[in-house]
Structure formats: structure tokens, C-alpha cells
Asks: 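Got a structure here, written out as C-alpha cells. Questions coming.
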Amino acid sequence: MQEVHAAAPGRSIAITLPDGAVRTYGTGITGLEIAESISKSLAKAVIAVRINGEICDLSLPIERDARISLIKREEDAALEMIRHDAAHVMAEAVQSLFPGTQVTIGPSIENGFYYDFARNEPFSTEDLAAIEKEMRKIVEKGAPFTREVWSREQAIKFFTDKGEMYKAELIRDLPESEDIKIYRQGEWLDLCRGPHMPSTKHVGTAFKLLKVAGAYWRGDSNRAMLTRIYGTAWRNDKELQDYLTQIEEAEKRDHRKLGREMNLFHMQDEAQGSVFWHEKGYTIWLALEAYMRRRLRDADYIEVKTPQLMDSRFWEQSGHWGKYRENMFVVPDVVPNTEEGGKVFKEEPKHFLALKPMNCPAHVQIFKQGIKSYRDLPIRMAEFGCCHRNEAHGALHGLMRVRQFTQDDAHIFCRESQIKSESIAFCELLSKIYRDLGFEDLKVKLATRPEKRVGTEESWDYAENALKEALEAAGLPYELAPGDGAFYGPKLEFHIRDAIGRSWTCGTLQLDPNLPERLDASYIAEDGQRHRPLMLHRAILGSIERFIGIMIENYAGKLPLWLSPVQCVVATITESADDYAQEVYDMLRKAGLRAELDVRNEKINYKVREHSVAKVPALFVVGAREGTDRTVAVRRLGSQDQAVMPVAEAIAALAEEAKPPY
RNA sequence: GCUGCCGUAGCUCAGUGGUAGAGCGCGUCAUUGGUAAUGACGAGGUCGGGAGUUCAAUCCUCCCCGGCAGCACCA
């Protein structure tokens with residue numbers, strides 16, 4: 001809030017600068033005037049002022065003693081303002097080029113900004129060039145941003161009269177306590193919380209409009225679809241260029257592109273959202289799964305396998321039929337009609353089966369077999385469970401969002417007193433695994449009690465605390481996501497970013513006291529009575545499909561040796577080395593390595609290039625010399641040189657390196 | 001699902017109201033080479049599907065399917 005403090009006129013105030021120096025000014029002094037009083041060059045460079053920690057307009061009169069710091073363009077804080085101002089400039093440009101377009105909201109975002117417009121005919125990519133050109137004109141003009149405070153009625157009337165129904169709605173919804181602030185830039189004005197830089201000129205030239213997309217008004221799919229224009233903006237052209245290059249580089253890592261190039265998997269229309277794993281991709285899968293099994297076994301998990309297809313009665317009990325059905329694939333339990341050209345089903349189906357969207361209810365069924373004692377707890381029940389979810393078409397995305405996926409799922413049945421130790425053990429297991437798999441860009445969120453919830457405050461305190469302590473014990477930094485927990489319990493979310501900067505949830509830990517109740521799971525405690533176990537849902541990779549996708553991008557396709565589908569290629573230089581190459585290849589296979597033999601009639605340059613492009617980590621080149629000496633010329637991916645060494649030694653070294661992290 | 005853009009050979013893409021072209025890949029032949037593309041020749045496409053306009057549609061219009069980006073959803 002840029003509050004204008006009431007103060008006696010003519011009084012002087014003490015301004016504390018970041019270096020601790022205290023200067024005295026008359027009340028109502030502005031950030032800009034302070035800058036001018038220090039130096040002319042500073043006054044020129046400064047774009048905003050931080051007053052008591054809050055970023056404000058340079059023109060805002062300061063009425064009380066304050067700590068201030070002047071913000072220059074070079075600072076990170078400036079970026080956000082450049083982007084915000086760019087959004088305003090874009091809105092002005094759009095309204096001048098396309099009269100009748102309504103403006104709505106336009107914030108700065110990571111790497112740029114957007115503005116949502118309402119217009120009968122949505123914008124297309126072709127409009128971007130013209131809008132950008134107009135923006136440059138506005139920036140060039142350099143109209144000052146000036147701030148006004150209007151009365152609510154005046155503002156609503158003004159925007160309503162202009163036909164700006166969205167702005168009027170925004171104003172109506174502002175809390176009574178808030179000033180209605182209007183920022184002018186030349187002829188144009190907008191409702192805005194601010195702050196802004198001194199003029200449109202300060203936006204600079206390092207911006208670019210990137211894409212157009214639809215976006216719902218107020219993020220609500222029941223409301224109007226607006227047109228959103230995205231742009232990026234930076235301090236200078238170099239930063240802009242770097243960013244654009246970075247986007248290009250990221251696109252090269254896209255797992256969908258690499259998956260095709262490396263022959264890992266494909267997808268096709270007839271099975272949208274499901275993956276055809278090719279041999280090479282499935283090799284990665286199997287290696288990863290085998291690694292996970294070892295980790296799970298060591299952490300005292302048991303592994304199970306549960307049905308794909310279960311009766312709707314079962315899903316009614318679990319609650320999925322009521323709450324999750326729209327995401328489920330439902331199959332009528334009827335023998336199909338075989339008459340040619342006839343209906344698929346002769347009779348209206350009365351009974352239905354559904355493909356499982358989750359593994360938890362099935363795990364509870366296994367838990368319920370026989371009578372469990374408190375001595376059996378905790379039971380850690382794992383499954384590489386294949387689930388189907390009928391995701392919206394627009395949500396599907398390569399391996400990241402699919403309709404059929406396999407979770408490294410597990411449910412821990414335990415008593416309340418075991419939540420803490422189980423959560424700690426889980427976080428430790430997870431961070432060990434993420435480390436092994438090469439993940440550093442990990443974001444952890446602790447989602448706490450939402451407004452609508454069940455359970456007592458004490459149980460929430462206990463559960464949230466348990467998760468917090470688990471994170472701390474595992475040394476994982478985290479952010480709070482207040483109110484984002486499930487209605488039945490708090491949860492941890494482990495987010496990993498993909499190449500293009502999108503964030504995906506992989507691991508998760510959720511506390512669920514609800515499902516055991518619904519499905520009537522119990523154990524016998526010391527008191528001889530039946531008690532409800534608690535359930536922890538947890539996954540580390542999340543979905544194996546998604547995780548492999550993220551790994552491909554994380555490593556830009558250059559997977560560590562133990563996960564590489566082809567670990568070594570033996571490539572010959574001349575035909576005379578064919579027999580020896582075959583021998584080397586056999587030795588590699590015998591050493592347990594995934595090898596290929598390339599005796600094609602091609603030049604060595606060609607072979608080296610091809611296997612490098614295919615991201616094969618090790619290349620054993622053999623010619624006549626190597627055959628005679630029983631050596632190989634080892635060339636590693638990414639290296640320009642090669643090392644000639646005895647074949648046995650080279651294989652032993654490679655085999656050693658190819659051992660999984662566990 | 002919503003908005004916009006897109007759909008041409010296995011891949012990346014060019015192109016035109018008169019039923020198509022390049023590079024890579026693939027095949028054959030020649031070449032036997034020393035660490036990121038040897039050369040020649042050849043095969044390969046109902047131009048996503050359907051309907052309409054037209055003497056004529058890959059091209060224009062409409063519908064459908066799919067992909068991409070964002071939104072919504074999801075975790």
C-alpha cells in the first residue's frame with residue numbers, strides 16, 4: 001500500500017539510506033527529489049523507490065521518517081516493473097489499434113508479462129507484429145505515468161461509460177478499504193495498483209510479444225474466454241536475446257523430440273495419451289524400475305499387483321464413482337453384439353466395470369485380507385501400478401500428461417504415532433533417489449489445511465508438523481502452500497521443472513485417514529479392539545512415464561551410462577576389423593553391457609557422427625591396429641579425443657561405470 | 001473441454017486452383033576409410049478424414065479427427 005501519511009506541513013523528516021546515512025528533508029519529498037539531491041546521474045538512473053521495504057512510485061510524496069532505497073534499472077526488482085509497465089503499454093497499443101477491445105488484467109510474470117483482452121474476434125499471431133510496433137511508438141513517446149486516486153463511484157461510472165465492463169467489475173470487487181488508483185500514461189489510463197516507472201520510455205526496447213492464447217476471465221472455465229497476449233521484457237537487448245536463445249535451447253531438449261530422435265517411444269492417434277514404448281525406451285524403463293525395486297526392498301516395502309478392471313460397486317465404495325467418475329474409463333459388463341453393422345451392445349448395459357484410476361482402494365483390499373495386528377504395522381505396500389485416467393484432451397502432453405501411466409505407488413498403513421517416522425523415512429528415501437537420478441531443480445511444497453476440512457485442529461497440527469519435521473530431517477528446503485492440502489489431510493508435493501520451464505508434480509506424500517474408514521480397514525491394537533489404520537499415499541517418481549520424460553529433458557538425452565539404452569557401440573574402420581569387432585562386442589555383452597555392433601560399410605566419420613547424435617555414451621572404434629594389439633580406441637560422448645587401451649581394461653572400466661547407483 | 005495456430009514422404013520442411021518437390025533417412029552399386037555427414041543411382045506421398053464450391057481442389061468454404069501453445073483440469 002502506498003499510503004499517504006498525514007503529517008504537519010513544513011515539518012522535516014529523516015530519510016535513512018541503505019548505507020545507514022540519515023538525511024533530512026521537508027515532508028512530501030519524493031524519491032526522485034531525493035535522488036536529485038544526491039546526484040544528477042543517480043536521478044537519471046533511478047526508476048522507483050523502496051520505502052520501508054515497499055516499492056513505490058518515484059513521484060510519491062514521503063510524509064514521514066522512512067528507510068528508503070532507490071531502485072535502479074540494473075536491479076532485479078526493476079525487471080518486474082519493466083514487465084508490468086510493458087503490459088500497460090501493450091494494452092494502450094491494443095486499444096489504439098483495435099478500438100472496442102476491453103482491457104481486463106495484465107500482470108508481470110516470470111520472464112515477461114501478459115494482458116487479457118476481451119474482444120469479439122480474438123487476436124491472432126499475425127496481429128502481434130503490429131501491436132509490437134505500436135508499443136514501440138508509445139515507448140518512444142515516453143509519456144509519464146501519473147497516479148491518481150478516484151472515488152469508487154467516479155471510477156465505476158467512468159469505466160462503465162467507456163464500455164469497460166471488466167474493469168468496472170474489478171473495481172466493484174475491490175475491498176472498501178482500498179484506494180481506487182488510476183495510472184495515466186499520456187492519453188491512456190488504466191486501473192492499477194501500481195507502482196510504475198516514471199514514464200513509458202523506461203520500458204526500453206528489449207521486449208517481444210510471443211504468443212496469443214485463450215484464458216478464462218478470473219480463471220474460471222464457466223466464465224468468458226478472453227484473449228491473452230504474452231510478451232517477454234528485459235532490461236536490455238542482450239538479456240532479451242539470451243532469453244530467446246534459452247527458449248530455443250530448451251526446445252531442443254523437449255522429450256517428445258528426443259524421444260523420436262532416439263527411438264525411445266511413439267504415440268499415435270488410435271491410442272492418444274498412451275505410450276508405445278520402443279525397445280530403447282523400455283530399456284530405460286526397466287533399468288529405472290529395477291533400481292526402484294532395490295530401493296524399496298531396502299526400505300522394507302512389500303510389492304503387490306492389483307486388478308486393472310474392477311466392478312463399479314467397488315468404486316462406489318471407495319468414493320471414486322461419485323467424485324472421480326468423469327476421469328474414469330468405464331466399461332459395460334455386457335457381451336458385445338457381433339452382428340455386422342449392428343449396435344455395439346444389443347442391450348442397454350446395466351453393470352459396469354472401470355479401469356482403475358488409482359491403486360489405493362485395491363491396496364486396502366489386500367490389507368483387509370486376514371486380521372492385522374498392531375504388530376504388523378506399518379505395512380508399506382508398493383505397486384508399479386498401471387492406472388488409467390480420462391484426462392481432458394487439452395491436458396495431454398507427451399509423456400508428462402498421459403491417460404495410461406504407471407505409478408511407483410505405495411501405501412503405508414500405520415498408526416498415528418508412526419506418521420512422523422514414516423514421513424521422515426519417506427523424505428529421506430525420496431531425496432536419496434532424486435540425488436541418484438540427478439535431480440537438483442526440485443521444489444517442495446507443504447500443502448496445509450484448507451478451509452473445508454475434516455478432523456480436529458490437534459490432528460492437523462500433528463500431521464502438518466510431522467510432514468514439516470520430515471522435510472527438515474531430510475534436509476529438503478520447502479515452501480508452504482497454505483490451504484492447498486486435501487480436505488482429509490496435508491500433503492507434500494515434489495515438483496520438478498521440464499525443459500520449457502513447466503513444473504510437474506512427481507513425488508507426493510499424502511496423509512489420508514479417510515479411505516481406511518470408507519473401506520472399513522482395521523487392525524487389532526494392544527487393547528484387543530479394532531482400530532482404524534491411517535494411510536499414507538506416496539510416490540517418488542510419480543508416474544514412470546512422466547519421470548522418464550523429465551529425465552530425458554534434464555539430461556538433454558545424454559542419460560547416465562546405467563540408464564542409456566545403448567551403452568556402447570563397437571564401430572569398425574575397415575572390413576578387416578570385422579571379426580575382431582564381433583569379438584569385442586561379444587565380450588561387452590558378456591560383461592553385461594548393452595552394446596551394438598556397427599560394421600556397416602560407412603566411413604568412421606560417419607559412424608562417429610551418427611552414434612554421437614544418437615547420444616551413445618561410449619564408442620569403441622576398432623581398425624586393423626586395434627585388432628593386432630587387442631585394444632580399442634574409446635571415444636566418449638561429448639569428447640573430441642579418444643583413448644586407446646587394452647580391450648579387457650576398457651570393458652572392465654565401462655562395466656564398473658555402468659553399475660546403477662545402487 | 002475452451003481460445004488461437006497447425007496437419008504435404010519415416011523425419012525436418014518448401015510449394016501450386018490444372019492430382020507434388022528438397023535435404024536427411026531407406027535400398028542398390030562403387031568405394032576400405034583413423035574419430036561429427038564418400039559418391040552415384042533408385043524406391044517412397046489418396047497432400048489428416050469427410051462434404052461442398054468449381055470444368056478441375058493438396059490449395060477456397062464447412063464439418064470432423066489429430067497435433068502444438070495457453071487457459072481450465074490434474075498431482
Side-chain angles (χ1 to χ4, degrees), chain A residues 109 114 116-117 119 121-128 210-230 251 254 256-257 260-261 263 266-270 272-273 324 326-327 357-358 387 389-398 400-403 405 407 445 447 481 484 486 491-496 500 502-510 537 539 542-543 546 571-578 599-614 619-626 633-644:
Chain A
I109 52 172
Y114 68 76
D116 286 346
F117 300 99
R119 182 172 176 242
E121 196 181 329
F123 298 106
S124 84
T125 337
E126 276 115 61
D127 300 322
L128 293 185
L210 297 178
K211 53 195 171 197
V212 219
Y216 297 107
W217 169 234
R218 301 206 151 172
D220 181 346
S221 59
N222 295 315
R223 302 209 216 198
M225 172 69 65
L226 309 171
T227 302
R228 176 173 297 181
I229 301 180
Y230 282 94
E251 280 167 4
D254 192 314
R256 293 165 297 185
K257 187 175 149 70
R260 189 169 47 237
E261 287 171 3
N263 193 12
H266 86 270
M267 301 175 92
Q268 63 188 52
D269 293 359
E270 293 82 354
Q272 46 175 300
Y324 206 73
E326 63 171 341
N327 292 304
M358 297 181 192
C387 296
R389 294 183 191 171
N390 197 347
E391 304 284 0
H393 286 78
L396 300 176
H397 180 92
M400 304 302 191
R401 192 80 181 270
V402 286
R403 286 179 161 169
F405 57 98
Q407 294 179 313
K445 283 187 188 161
D484 275 0
K491 59 186 176 184
L492 297 180
E493 294 176 353
F494 300 87
H495 297 258
I496 299 182
I500 315 166
R502 286 178 282 220
S503 174
W504 301 91
T505 305
C506 289
T508 175
L509 173 63
Q510 301 177 26
H537 306 248
S543 115
R546 175 182 290 182
T572 51
I573 293 170
T574 67
E575 234 169 51
S576 61
D578 283 2
V599 292
R600 289 174 305 170
N601 176 14
E602 295 292 351
K603 292 192 171 179
I604 192 62
N605 278 313
Y606 182 88
K607 294 185 184 178
V608 166
R609 177 184 151 77
E610 195 177 80
H611 299 302
S612 300
V613 168
L619 201 54
F620 285 4
V621 176
V622 298
R625 279 206 302 271
E626 286 77 11
V634 182
R635 179 178 167 128
R636 296 301 299 258
L637 182 59
S639 158
Q640 299 297 320
D641 353 284
Q642 57 271 184
V644 178

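Below, each value reflects all heavy atoms present in this structure, side chains not excepted, and no hydrogens, waters or symmetry copies. Chain identifiers are assigned alphabetically (A, B, ...) following the order of the sequence lines, protein sequences preceding nucleic acid strands; residue numbering begins at 1 within each chain.
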Asks: Testing A:Asp578, A:Ile604, A:Val621 one by one against A:Thr572 for a side chain to side chain contact (heavy atoms under 4.5 Å, CB included), which residue passes?
Replies: A:Asp578
Asks: Rounding to the closest angstrom, what is the interatomic distance between B:rA22 and B:rG44 at atom C1'?
Replies: 14 Å
Asks: Which part of the nucleic acid, if any, lies within reach of A:Gln272 when heavy atoms closer than 4.0 Å are counted: base, sugar-phosphate only, or nothing?
Replies: sugar-phosphate
Asks: Return a single string for nucleotides 68-75 of chain B, one symbol per nucleotide in 5' to 3' order, where B is base contact, S is sugar-phosphate-only contact and - is none, cutoff 4.0 angstrom on heavy atoms.
Replies: SSBBBBBB
Asks: Which listed nucleotide (B:rG4, B:rC11, B:rU38) is nearest to the side chain of A:Thr125?
Replies: B:rG4
Asks: Assign A:Ser612 to base, sugar-phosphate, or nothing according to its heavy-atom contacts below 4.0 angstrom with the strands shown.
Replies: base
Asks: Distance check, P atoms only: B:rG48 and B:rA30, in whole angstrom units.
Replies: 40 Å
Asks: Select base, sugar-phosphate, or nothing to describe what A:Arg625 touches, counting heavy atoms under 4.0 Å on all strands.
Replies: base
Asks: Could you check whether A:Arg218 pairs with A:Asp220 (Lys NZ or Arg NE/NH1/NH2 to Asp/Glu carboxylate O, under 4.0 Å)?
Replies: no
Asks: Between atom NE2 in A:His266 and atom C1' in B:rG67, what is the gap in whole Å?
Replies: 14 Å
Asks: Which whole-number value in Å describes the distance from A:Gln640 CD to B:rA36 P?
Replies: 6 Å
Asks: Please report the distance, rounded to the nearest Å, between CD in A:Glu121 and C1' in B:rU3.
Replies: 13 Å
Asks: Taking the P atom of each, how far is B:rC60 from B:rC5, in whole Å?
Replies: 14 Å
Asks: Dot-bracket, RNA chain B: Watson-Crick or G-U, under 3.5 angstrom, [ ] crossing, | other strand?
Replies: (((((((..((((....[..)))).(((((.......))))).....(((((..]....))))))))))))....
Asks: Less than 4.5 Å apart, side chain to side chain, heavy atoms only: is that true for A:Pro357 and A:Asn327?
Replies: no
Asks: Just by modelled atom types, is the A:Lys607 backbone N or O under 3.5 Å from a matching donor or acceptor in the A:Glu610 side chain?
Replies: no
Asks: Give a yes/no on whether any side-chain N or O of A:Arg119 is located under 4.0 angstrom from OP1 or OP2 of B:rU3.
Replies: no
Asks: What I'd like to find out is whether the side chain of A:Gln407 reaches to under 4.5 Å of the side chain of A:His537, using heavy atoms alone.
Replies: no
Asks: Provide, to the nearest angstrom, the distance between the CD1 atom belonging to A:Ile573 and the C1' atom belonging to B:rU38.
Replies: 16 Å
Asks: Within a 6.0 Å radius of atom CD on A:Glu326, are there more than 12 heavy atoms belonging to other residues, nucleotides or ligands?
Replies: no
Asks: Is there side-chain contact between A:Asn605 and A:Val608, with at least one heavy-atom pair below 4.5 Å?
Replies: no
Asks: I want to check something: taking the side chain as every heavy atom from C-beta on, are A:Gln272 and A:Leu396 in contact at a cut-off of under 4.5 Å?
Replies: yes
Asks: Side chains of A:His495 and A:Thr505: closer than 4.5 Å at any heavy-atom pair?
Replies: yes
Asks: Just the rounded figure in Å: distance from C1' of B:rG33 to CZ of A:Arg600.
Replies: 14 Å
Asks: Using the P atoms only, state how far B:rG7 lies from B:rC47, rounded to an integer number of Å.
Replies: 14 Å
Asks: Donor-acceptor pair, distance only, cut-off 3.5 Å: does the side chain of A:Arg635 make one with the backbone of A:Ser639?
Replies: yes
Asks: Could you tell me how far B:rC63 sits from B:rG10 if I compare only their P atoms? Round to whole Å.
Replies: 29 Å
Asks: Roughly how far apart, to the nearest Å, are B:rA14 and B:rG52 at atom C1'?
Replies: 29 Å
Asks: Say you pick atom C1' in B:rU8 and the same atom in B:rU16; how far apart are they, in whole Å?
Replies: 12 Å
Asks: Taking the side chain as every heavy atom from C-beta outward, state whether A:Met358 and A:Tyr324 have any pair of such atoms under 4.5 Å apart.
Replies: yes
Asks: Kindly say if A:Asn605 contacts the phosphate of B:rU35, meaning a side-chain N or O under 4.0 Å from OP1 or OP2.
Replies: no
Asks: As a test of reading the structure: which of B:rC5, B:rU3, B:rU35 is closest to the side chain of A:Ser124, going by heavy atoms?
Replies: B:rC5
Asks: Both A:Thr227 and A:Val621 contact RNA chain B. Taking the nearest nucleotide for each, which residue is further toward the 5' end?
Replies: A:Thr227
Asks: Need one value for A:Ala539: base, sugar-phosphate or nothing, where a base atom within 4.0 Å counts as base even if backbone is also close, heavy atoms only.
Replies: nothing
Asks: Expressed in angstrom and rounded to an integer, what is the separation of A:Leu619 atom CG from B:rG34 atom P?
Replies: 16 Å
Asks: To the nearest Å, how far apart are A:Glu626 CD and B:rU35 P?
Replies: 11 Å
Asks: Can you tell me which nucleotide in B:rG1, B:rG66, B:rC26 comes closest to the side chain of A:Tyr606?
Replies: B:rC26
Asks: Considering only atom P, compute the distance from B:rU35 to B:rA20 and round it to an integer number of Å.
Replies: 46 Å
Asks: Which part of the nucleic acid, if any, lies within reach of A:Ala571 when heavy atoms closer than 4.0 Å are counted: base, sugar-phosphate only, or nothing?
Replies: nothing
Asks: For A:Lys257 and for A:Gly638, find the nucleotide of RNA chain B with the closest heavy atom, then tell me which residue's nucleotide is more 5'.
Replies: A:Lys257
Asks: How close or far is atom P of B:rG67 from atom CE of A:Met400, stated in whole angstroms?
Replies: 17 Å
Asks: Taking the side chain from A:Asp254 and the backbone from A:Glu251, do they hold a donor-acceptor pair closer than 3.5 Å?
Replies: no
